[in-house]
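A short worksheet on the structure shown next.
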Amino acid sequence: MQSVYRAMAAALLAALIPWTFWIGATISALVTLRRGLSTALPVVVAAALPSAWWWWQGDRVPLASVVLVTLMAVMLRNRVRWGEALLAGAALTAVLIQSGLFTPQDAMRIISEVRSSAPQVDQLLSEYAARGVPIDRLSALMLAAVNGWMALFAGIGCLILARSWQAKLYNPGGFREEFHRFRLSGRELLLLLGVSLLCALLNLPAPALVAWVPLLIAGLALVHGLIGMRSLSVFWLVGFYVVLVTTWPTLVILLLLLALIDTLVDFRGRLAGGQH
């Protein structure tokens, strides 16, 4: 990132092309991580302007990803803690879901099409309606949550990619070591679960809908760390991700439980102590 102007041009062009918005978001995150928000702001704006046009066309994910990755990059640069960065991203995503900004303008049409093409979904919604659950509100919330999940995962993916680029340019091997060590601290876990429970009691379900994402990333870091400590080949990781996708959501639930336990037990620390 020798030139901010070159970064601006690259981010702008990437954001203009459909399905390459993530490159622009990653570039803006890289400059933010390296030089801070004040210097990176023109690059962020360059990535955000075309993304704003996509938002106007109905695609919320590109602009939301730029905003989310910028927030998380600022947190990671200032605090140097992945947990706090992910919690900040999840919190902003929850606000966007709860506020309705992630709800598609044609939500009712989408819901109608889903119900007509998926009898099981239609039956489930009919059962909820019979119990007095406001179906329109529930369906709109779930559509907003899907948009929120896509934006948050895109933002996290861009942050991971930007951090790895930064490490390759300025600190070879640094990202691998950093990610392999990552786990949520007890304070972060309590904050995550406490806020989600409190908001659920206040009839604000959005935080609970995204609270699992930081735990999932911590679970993935745990797997990467254990495989790295055992010096296993990359094929173990490939196999793990194949199983993760093909057994969804069973392995995801297991990863969430392992990440939660790892906060209390520290599997990698115990394994390292046993090796010594």
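Because only heavy atoms are used, hydrogens play no part in the values below, and waters and symmetry mates are left out as well, while side chains stay in. The structure displayed is predicted, hence computed values, not measured ones.
With hydrogens and angles disregarded, no donor-acceptor distance shorter than 3.5 Å links the side chain of S112 to the backbone of M108. With hydrogens and angles ignored, the 3.5 Å screen pairs a side-chain donor or acceptor of W54 with a backbone N or O of A15. Side-chain atoms of S65 never come within 3.5 Å of backbone atoms of A154 as a donor-acceptor pair (strictly under, hydrogens ignored). Looking only at distances, no side-chain donor or acceptor of T39 sits under 3.5 Å from a matching main-chain atom of G36. Checking side-chain atoms of T263 against main-chain N and O of A259 turns up a donor-acceptor pair under 3.5 Å.
Contact of the L159 side chain with the T26 side chain is not registered, since no non-hydrogen atoms from C-beta on lie closer than 4.5 Å.
Taking the ring centroids of H224 and Y241, they lie under the 6.0 Å cut-off.
Between the CG atom in L226 and the CZ atom in F240 there is a gap of 10.5 Å [rounded to 0.5 Å]. Residue Q57 holds its CD atom at 12.5 Å from OG of S51, rounded to the nearest 0.5 Å. Atoms OG1 and CG, from T250 and L255 in turn, are 11.0 Å apart once rounded to the nearest 0.5 Å. For the atom pair CH2 (W82) and CZ (F179), the distance works out to 7.0 Å, reported to the nearest 0.5 Å. Within the model, atoms CG of L189 and CG of L184 stand 6.5 Å from one another, a figure rounded to the nearest 0.5 Å. One finds the CZ atom of F102 at 6.5 Å from the CD1 atom of I97 (value rounded to the nearest 0.5 Å).
Residues that satisfy the salt bridge (charged side-chain N to carboxylate O under 4.0 Å, His left out) test with R137, not counting sequence neighbours, are absent from this structure. In this view, Y5 and S3, M8 satisfy the side-chain contact (heavy atoms from CB on, under 4.5 Å) rule, not counting sequence neighbours.
Across all non-hydrogen atoms, the minimal contact from I27 to A11 is CD1-N, 4.0 Å. Between P104 and I110, the shortest heavy-atom contact is CB-CD1, 4.0 Å. Closest of all the heavy-atom pairs between A151 and A64 is CB-CB, 3.8 Å. Shown here for A25 and S28, the closest heavy-atom pair between the two residues is O-OG, 2.8 Å. Between R60 and L101, the shortest heavy-atom distance links the atoms NE-O, 3.2 Å. Nearest approach of G89 to L68, heavy atoms of both residues: O-CD2, 3.5 Å.
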Identify all side-chain donor-acceptor contacts of residues 192-219 below 3.5 Å with residues at least two apart in sequence or on another chain.
from: S196; atom 1: OG; to: L192; atom 2: O; distance (Å): 2.8
from: W212; atom 1: NE1; to: L209; atom 2: O; distance (Å): 2.8

Please set out all donor-acceptor pairs under 3.5 angstrom arising from side-chain atoms of residues 69-78, sequence neighbours excluded.
from: T70; atom 1: OG1; to: V66; atom 2: O; distance (Å): 2.7
from: R77; atom 1: NH1; to: L33; atom 2: O; distance (Å): 2.9
from: R77; atom 1: NH1; to: R34; atom 2: O; distance (Å): 3.0
from: N78; atom 1: ND2; to: V74; atom 2: O; distance (Å): 3.3

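Pairs of residues two or more places apart, or lying in two chains, that qualify as salt bridge (charged side-chain N to carboxylate O under 4.0 Å, His left out) and include a residue from residues 180-195 are R81-E188, E84-R187, E177-R181, R183-D266. Judged as a salt bridge (charged side-chain N to carboxylate O under 4.0 Å, His left out), the pairs with a partner in residues 248-265 (not counting sequence neighbours) are, in order, D262-R268.
Both V265 and L254 belong to a single network of hydrophobic side chains, linked directly or stepwise wherever heavy atoms of I, L, V, M, F, W or Y lie under 4.5 Å apart. Both M142 and V146 are members of a single hydrophobic cluster when ILVMFWY side chains are connected at heavy-atom separations under 4.5 Å. One hydrophobic cluster, built from ILVMFWY side chains closer than 4.5 Å, holds both L222 and V252. Each of W149 and V95 belongs to its own hydrophobic cluster when Ile, Leu, Val, Met, Phe, Trp and Tyr are linked at side-chain heavy-atom distances under 4.5 angstrom. Residues W55 and V44 do not share a hydrophobic cluster, defined by chaining ILVMFWY side chains whose heavy atoms lie under 4.5 Å apart.
No more than 12 heavy-atom neighbours from other residues, nucleotides or ligands sit within 6.0 angstrom of CD on Q105.
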